Every structure is written in structure tokens, then in C-alpha cells.
Amino acid sequence: MTQNHLYLVDGSGYIFRAYHQLPPLTNKHGQPVGAVYGYTTMLWKLAEELGKAEGPTHLAVVLDKGSHTFRNDMYDQYKANRPPAPEDLVPQFPMIRDATRAFSLPCIEEAGFEADDIIASYTKAAVAQGWKVTIVSSDKDLMQLIQPGVDMYDTMRNERRGADYVMGKFGVSPEQLGDVLALMGDSVDNVPGIPGIGPKTAAKLITEYGSLEAALEAAPTMKKSKMQESLIAHADMARLSRRLVALHDAMDLPEPLDDLTLKGIPPEPLQQFLDHHGFKSLLARLGAPAAAVAVAAASAVVSDMAPPPPPVQDAAPPIDRSQYETVVDEIALDRWIAEATALGVVAVDTETDRLDAISCELVGLCLSTGPNRACYIPVGHGGRDMFAERPQQLDRALVLAKLKPLLEDDAVLKVGQNIKYDLIVLRRHGIDVAPYDDTMVMSFNLDAGQSLSGHGMDEAARAHLNHECIAFKDVVGTGKSQISFAEVPLDKATAYAAEDADVTLRLWTLFRTRVANEGASRVYQLVDRPLVSVVAGMEQRGIKVDREALSRLSAEFTAGIAALEGEIHELAGQPFAIGSTQQLGAILFDKMGYKGGKKGKSGAYSTDVTVLEQLKAQGAEIAGKILDWRQLSKLKSTYTDALQAQINADTGRVHTSYSLTGAQTGRLSSTDPNLQNIPIRTEIGRQIRHAFVAEPGNVILAADYSQIELRLAAHMADVPALKDAFAKGEDIHAATAQQLFGEVNRDTRGRAKTINFAILYGISRWGLAARLEIPPEEAQDMISRYYERFPGISVYINETLEKARERGYTETLFGRKTWFPRIKAPVQHERQGAERAAINAPIQGTSADIIKRAMARMEPALAAEGLGEVKMLLQVHDELVFELPEADVAAASAVIRRVMEGAAEPLVKLSVPLGVEIGHGPSWGAAH
DNA sequence: ACCCTCACG
DNA sequence: GACGTACGTGAGGGTA
């Protein structure tokens, strides 16, 4: 059996080198991919090494994760000089992970450690087992690892390097290299070294004295010189530098060595990746015999080796609630904090006495640092009543003061399930939790649209951990006997709450690899994750609502409703519940004899707007009155009454709650109250919008993307006629009318508008026919003409559907997946429904991605212009609503427009401009 | 708990 | 040839 040979690829180092050495390529989606291309060719070269004598049997790509490592704690200036990564390189980082995944290679990254340390640790472990190691990198720091059995490989120069290379370049052996590097210093990493000493002098000193320590000790006896004085003066700097350049080789291996076995490179994902980016020359080689050989050789490696170990099931032990700890003393609390800090990642969950984060009281917190390692820290049991009997527990202020450094520690990742809630609760106590991961958002980015109905923890635990969580209602009861969490006994509370943290961390362990392996990193890291804290801020801020104005409207509506009710009963000849569709149907169709058939599976009469409009057109006076009654009832119950009840007593404002995982396409949704469906289309409803007001001295500013979905459709389906019209700033529906009907008037423009929207939603001839009130054949003609004039549209639709059928999901320009499990349903109308949704999802989803990016960038952009008083309050799919001092309107408008119009860049380059319309006034209604 | 209706993008 | 609407949401009221 051949000797195992581990290849460790310094992915991060490679990316920067490729970026600087290759021209700024872009792929067919307009994304910058120069570094990705270089990286891909490097992996390709490695793939060709497979099966050769010195080729790999095991391989891992190692990447940097985050920027804060233990070296920053050692020396706060470490890497402080390093400029931020270039703007067009940043979006390529997640694509590097995609590339790695396309080659089906394991990828290792670990927070708190640089890629160099991971490589050092793996090298040490492999050498200890008698393996050979090749480090794929040209980094001088890594050359310290060269030793018998360990060499380096520079794929760009196609050169293998051993100890003689180091001797030739630095004049010392690899084991002395660390001392030389410490003396030299490194301006890029900001390792200080000793001023005036470069590579030559350093090498001379080390060769002469044998080591850095020996040279420093001998310094006072050396011949007097500038260098000698410097050596004495900066000895401490040299010692610090020595520690900075030392590689940490004793970390716990995130993946066992044996898991790095090369299992062959299946061609399909690779082909998909190359195809996606349009790397044509590599694609051609993939089909060529050479690649076939490489792939075959890769498979041969597998068959040569011992059979692969059985797939690791869930390596974590089953959930054991008896191991959870209730923390009621400071020593235990300190121990948990130390453990979490050392680990660098901790699951966090807060327990409160009610559901809304804005007004709840904190009852307890939990932490988890590993499977079954979880604790519950009660701080508010016994409730809000200060005199009630309280179980023994730590003081809330003390616990929060102790937890604050952990929760704000850059080097400790906080993991939460729906962490937006915890962010708000803790921010109310002066704690800004960062950095964070959210398992609910990760689940959404992986599985949106999959058969699971939501991304809640109980469901996720069932699906992914095969575990049934304690149900909240089993802890607090239901209905009248329901108690607050503050009243739950500590043992029960600990079992429930600590389990949540335990499960959250377990889910995170699963999701983080899946996010990396399934191409979700980009949308998670660059779109959704940064949004969580932004949305938390918006919810916490709320918007002011004029209670008196709503109350006046309520009274007006009440009077109108009463008057209409009388008239309706009069016309019907009897009193009845107008709100009951059942009774209304009976009155209209059975008693009064109007025509209008049964509908729906329930067999009940339909009485919706379209039906009532038809009756009205037939001359049924009652139908119009019912429509008016319905409008007023809706406005009163859903808006004027409900909204008053939602005003927070402490803030005097309304705080909605946004769901980041509610809409399958990636849109946000808003609940309690829903502020994304405040009336605007009718004059009477619009008055409700006028009740959303600014504080004295401030104004409300609303910024809307204009026709964003149509613009995206024009870009994604590549329709030159539509793109030109947008580029010229033309009225898009008029332009469509011109194309379809040859003339523009009110009628043709209106029909064109209907068709344009129909396209976005996935059209059917019957749907269009119903909308335009024309026969289906005529509608079909119109659709055909649309496809003729805009051929890109039908190509887009067909390609989207084909991909959805083949892969099961659609993707936005930012890589957001939406799954369509029913796309192959045998029942026709289910399947067709899925098809229409699949046509719409990439467009609606890309629009959602874009506004989310604008939101994530908005506050820093405003702050950079000294506009810290400008507050983002609401998002309504294509609109952002702000409150700001009147004096800031002009400056803020410019920033807001710039951020919104440029939100796709640089990740995605659009071939149509994005337009933004901005208005302001004393109220939301006035801002439109 | 479910259906219907209707508010928004 | 029949299907009975468009895509994505959330809330309130009536009914079983």
C-alpha cells in the first residue's frame, strides 16, 4: 500500500496572489471572478496530480475565517496596516468556497486561527502518523514547516520547494526561518521586527549566533554599530515578533485526518460551476481525455485504499437534559463565560415573560458550548412583582455586566435561533451582541420552500437532529391557565431553555458546513446575516402614530358603516350579518335571485369584489353598498382600531416585527402589526397613512425603487427593447404598448401594464383573459406577440423552469435558492402553480436581495456623511421609510439614492439602471 | 382551525 | 378538452 500523502492548500493566500496577478475578469453575470478563475486553475492543476507518484491521497483547502485571532490579543497592531480587501475581491470569497465545493474537496476554516495555524496543526498531526505532506502555497511564513517528508508546492510557478530552497532564499534552514522572520519583521502583517535589519543581516546574525535569543543575548558584546544598538533597544520587539511569526500547531483538528481522504471528483458539480462562470477553456478540458484520466485516477485512488469508513452519523451524543446546569452563583457563571471565551463560539438564548421583544422583561439566559453542555441563568424568576417569593438567583444587573464582554467579544461568535429577538432584548440592556450567526436564517438560506413549513427550532430539531424539543406550551400551559415564563420553576425552566441553546449549537454545527457546501455562503454572509441587526434596530425604533387622527377616522368609519348597514338591510328586505359570506350569498343569489354561480371546493357562493362589481354593473344597487361597507369595515377593524391598540405605552410608537424567513422568495414580512399593507390605493384608505407621522422638527422620507421587478426581468431575461427603454428613462408600459399594439393610448398602455405584470407572475392565457376581460384566444395571441417582440422572455421562462425541474430550486442573481418540491407534482394544477411561482421567484427574490443590501449599507453610509440623525424605520418590499430632521432632507436624499441605486454592486452588475423616487413630508401619506 | 375577503408590493 | 386564476404576504371576521 502506498504512503499517505496529505496536500494542504493555502486557499486564502492563493486568492490574494491570483487577484493581483490576473487581469480583472468578469463572468457572464457581470460578477468579478479574476481571483476565482486563478483559484480554479490551481485546483485543476492539483486534480491533475491525482494518481501520480507524489500526488495527494488526502487533501484539504484551508481558508481564513474572520480577521481576529489570538495574535491580535498578543499585539493589537498585528495586521493593523493591512488595507481592507479590494471591493471587487470581497464578493469572490464566497465563490472560492463554491469552487472548492465544485471540486468536491473538504474545506477547513476555524474562527480565531489563521489558515497558517490550521496548516501547521495538520502538518504536525500528519507527520506524527508517518504521512507525507505537501503545502500548496508560496507563503514565506509557511516555509517554517518544511522538514523531511514535508515540502511546498507553488502551482503558479509549478515548483516544488524543500529545505534547499529556503537556504537559497533566506540563507538559513527552515527551523531557523522563524528567527530570521522575527528580526526582519513584515510590513504587510505589521510584524515590527528590528528597525534597520533586513533579510541579509538577519540571516547573518542567526547563522553566526545560532538563534534569535542567542543573538539578542550576545548583542551587548557585539562590535558597536547602528545595528547593534538597535538590537539592544528593540529586543522586546524582536521577542514579540518571534511569537507573532510562530505558527500555532497544536489546535484541535476541526476534521480528523482520515476525513480528508480524496474520494474522487464527480464531474457534474464541477461542470455546473464552470458553466455558471463561463470558464470555457476549463469546460473544454473537462470533456477532454486528460480530465477523464484525472477523474478516473481520482476514483482509482479510492478503490486502492481501504474501504471508506461508514458515514459519520450525527457524531454528537443524544440530547441528555440531565446534564444541563442551573447557574445561580458567580463562580459557575465565571466558569461558563471562560469556557465560551476559550471556545470562540457559544449558543445564546434569552427567555422572557412575553413574546414581543420590545416590551418583555428578561427572565433568564442560556449558553451552550457543546453537545449537552448548556446552562440556564435565571435572573427574573418570580416575576415583575418585587414582593413576590423569588427563587434564589443571581442579580440581573450583575449577570448582564459579566456577560457583556463575552457577548460583545469580536473573537467569540454568538449563535442564536432567531437571534434578532435576543439582539433587541439585550440591546435594551445596553449590550450590542456581535458577531453573531442565526440558525433560523441559515436554515432559510438552505431550505427555503422545502417541505418543512417553517424554520422554527422545534421543526428543525425534528428534521435535522431527530429530536423532539420540549414544547413551550408544555412548560407554561395554554389558555386561561397559561403562566408567564417567570413563574416556571427553575428545574423545568432549565430543561426547556438550556435545551434550546443546546439544540441551537447542534443545528449551527450542521448548518455551517451545509451553508459552505451548498453554495449558500454568499446570500447568507452578504445579504441576510448583516441584515439581522439592522432590522432589529428598525423594530426597536418603531414609528410614531397619531392616535387622535386614527380615533377620529374610526368614528367616521363607524358612522358610515351604520348608515350603509341600514340601507343594505332595507334593500335586502331583512337584517342579516353582512360580514358573513354565507348569509350574504344566500341573500344575493337565493333570495334576490341575482346570477353568479357557486365557486370553490366548499360549494359556497363567492361574493368577492369581482362578483360584486359584476352585480353592480348589472344594476344591483345593494352590491355597491356592500362593497363600500366592506371597505369601511376593513379599514376600521384592521387599521384604525387595531393600530391604536398596537401603540406601545412606553415609546408612544408602533413597533412591527419583521420576519426574515417568512416569505419563500426572500422578502421580509411584517406582523403585529403588519406595516407592509397600510392602505394607499384609495383616497379614503390613504388617510390612514397620514396618521404615520414624524416627531416635531422631523419629517418622514419615503424612497421607492421604481419598477424594480420589471427592470430585473429586463436584465435577467436579457430583453434589449425593455433595457433600452429603461436606459432612456421612458415610460415602460407605454414602450410596451408601442411594441405590442403599435400605438400608445390610455387603453393600450393599460393593457400593456397588465401584461407586463402578468409576465412577472408567470402567465396563463386564462389569467390574462380574466384580467383584460377578453376571450382566452385573444389573450393567447397577445402573449405570443409579447414573446415575439421580447424573445428573451420565453427563453428565460423555459430556462428557469428547466433548471427548477432538474435541480429542484431556482436562484436569484445573489445565489438565493428557493426550492419547489411540487414542480414535478403529478396533479396538474399543483404543478402549474409551482411553475408560476418558480418563474416569479428569481425576480421577486433578486429585488428582495437588492433592497436588503441597501438596508445593510444604509446606516454606515449615512453616518459617514454625518447623518447619524437619519433613522430608517420601515421596509415595504421596494420602499424604505425614514425619519429625519427636516434640515437633513437634501443631504440624506443624496446618500439614500446612491446606496439604493448602487445596492447590487459590486456583487452583481446590472445592465439596467435602478431608479429611486424620493419624497418627504410631515407624514408617510405626505411623503408619497 | 379553516375559509373568505382584502390590504399591500 | 377542462381547468377557473395570476406571484408574494398578514389580519380580521364568520363558521364549524
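Remember, predicted model here, so these are calculated numbers, not experimental data. Heavy-atom basis, side chains included; hydrogens, waters and symmetry copies ignored.
Of the residues in residues 700-716 of chain A, none lies under 4.0 Å from DNA chain B by heavy-atom distance. Taken residue by residue, residues 828-847 of chain A places heavy atoms nearer than 4.0 Å to DNA chain C at A:Gln828, A:Arg836, A:Ala837, A:Asn840, A:Gln844. Of the residues in residues 625-647 of chain A, those lying under 4.0 Å from DNA chain C by heavy-atom distance are A:Lys634, A:Ser637, A:Thr638, A:Ala642.
Within 4.0 Å of A:Thr581, counting heavy atoms only, lie sugar-phosphate atoms of the nucleic acid but no base atom. Across all strands, A:Asn674 comes closer than 4.0 Å only to sugar-phosphate atoms, never to a base (heavy-atom distances). Residue A:Thr656 is out of contact with every strand shown, counting any heavy-atom pair closer than 4.0 Å.
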Writing each nucleotide of DNA chain C 5' to 3' as (, ), [, ], | or . by Watson-Crick or G-U pairing under 3.5 Å yields ......|||||||||.
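Ring geometry for A:His733 versus A:Phe757: interplanar angle of 30 to 60°, hence tilted.
Residues satisfying the salt bridge (charged side-chain N to carboxylate O under 4.0 Å, His left out) criterion with A:Arg751, sequence neighbours excluded, are A:Asp747. Take A:Arg822 and apply the side-chain hydrogen bond (donor to acceptor under 3.5 Å, both in side chains) test, not counting sequence neighbours, and it matches no residue.
For the pair A:Ser669 and C:dG8, the criterion of a side-chain N or O lying under 4.0 Å from OP1 or OP2 is not met. The shortest distance between the side-chain N/O atoms of A:Arg681 and the OP1/OP2 oxygens of B:dA7 is not below 4.0 Å. In this structure, A:Gln582 reaches the C:dA16 phosphate: one of its side-chain N or O atoms is under 4.0 Å from OP1 or OP2.
With no hydrogens or angles considered, no side-chain donor-acceptor pair links A:Gln676 and A:Ser670 at under 3.5 Å.
Comparing C:dA6, C:dG8, C:dT9 against the side chain of A:His877 picks out C:dG8 as the nearest.
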